[in-house]
Amino acid sequence: MKTERKITKALTIAGSDTSGGAGMQADLKTFQELNVYGMTALTMIVAQNPNNNWSHDIYPVGLDAIEAQIDTALGGIGVDALKTGMLPSFEVIELTARKIRQYGAKNIVIDPVMVCKGTDEVVNPQAVQGLRDILVPLADIVAPNIYEAAQLSGMQHIQSVEDMKEAARRIHGLGAKNVLIKGGAKLGAEKAFDLFFDGGSFELLEIPLIKTTYTHGAGCTMAAAITAGLANGLGDFEAVRQAKKFVTTAIEHGFPLNRYVGAVNHAAHRLFEDRS
Ligand code: PXL
């Protein structure tokens, strides 16, 4: 006899990474691996150009199409958690916030994507302002990397754990319930640090640095795994802890896609059980 198990659902409002490691592809794969039924609202398409050093070309999706997709998932089906990824303009950010409020969506994870690895297109200043003022205040967990944390907090540099703490305080001050700063390998230390702040106390998550460049999709995967944890009823910090473990295993088993890029391995936790 099969045991009855509630199927939990999550929506990602994000861009498509055609190369498959990041964006909504990372989100869907991660949701699936963590037993969550995934749905998508596509905000833009990223195609990588094999004839121009893997440069990222961006193809927009209309505002009306984004709204229709969110209505499908939130209005027509309902979700246990929701994640945002790359939202390419102030208008898309505003629409996303309006829809979250309209449907009273719960368990909101905001990944304030501003740049892809290997590119330096930065979301425009108006969009950063939109994230700060409109979307971050709706977050149960906002999960910026170091660069995005500097943009959101208005700090020039984040170069130490102390800087991360200051950024986390400022971003919490914008109205997010919890802040996770994904420090990753970026502090130049022998360890990779992430910092969690709930407005009261800090939790530093640290692991020995994994020596690999096959990390495409790590940030999206981390945020998606947090979203899956919340959908499945974990508490905020428990969801972060599970996600850290999931993404660490995915990074340990990253693999090359071509001569430009290597992606994290979303299936690693079940293929290499001993490590997860
Ligand atoms: O890793 C950030 C990211 C997010 N979303 C999309 C992307 C990328 C990086 O390539 O393509 C759609």
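Counting starts at 1 for both ligands and their atoms, following the listed order. Basis for what follows: all heavy atoms, side chains included, without hydrogens, waters or symmetry-related copies.
- No hydrogens or angles considered: nothing links the side chains of Thr8 and Asp80 as a donor-acceptor pair under 3.5 Å.
- By the 4.0 Å heavy-atom criterion, Gly219 is excluded from the residues contacting ligand 1.
- Heavy-atom proximity to His56, at under 4.0 Å, picks out these atoms of ligand 1: 10 (O).
- Only the side chain of Cys220 comes within 4.0 Å of ligand 1, counting heavy atoms alone; its backbone N, CA, C and O stay farther away.
- With respect to Glu94 and Arg98, no salt bridge is recorded, no charged nitrogen being found less than 4.0 Å from a carboxylate O.
- A salt bridge is defined here as a Lys NZ or Arg NE, NH1 or NH2 lying under 4.0 Å from an Asp or Glu carboxylate O, and Asp71 with Lys99 meets this definition.
- Of all the atoms in ligand 1, the ones that sit under 4.0 Å from a non-hydrogen atom of Val46 are 11 (O), 12 (C).
- Judged purely by atom type and a 3.5 angstrom limit, Lys182 uses its side chain to pair as donor or acceptor with the backbone of Ala143.
- Atom 6 (C) of ligand 1 has its nearest heavy-atom neighbour, among Ala223, Gly23, Ala26, in Gly23.
- Near Ala22, with a cut-off below 4.0 Å to any heavy atom, the atoms of ligand 1 are 1 (O), 8 (C).
- Here the OG1 atom belonging to Thr40 is positioned 11.0 Å from the CD1 atom belonging to Ile70, to the nearest 0.5 angstrom.
- Taking every heavy atom of Ser16 and a limit of under 4.0 angstrom, the matching atoms of ligand 1 come to 12 (C).
- A donor-acceptor pair is defined here as one N or O able to donate and one able to accept, closer than 3.5 Å; such a pair exists between the side chain of Lys106 and the backbone of Gly104.
- Here the side chain of Asn232 pairs a donor or acceptor atom with the backbone of Leu34 at under 3.5 angstrom.
- Heavy-atom proximity to Gly15, at under 4.0 Å, picks out these atoms of ligand 1: 12 (C).
- Interface atoms of ligand 1 facing His216, defined by a heavy-atom separation under 4.0 Å, are 9 (C), 10 (O).
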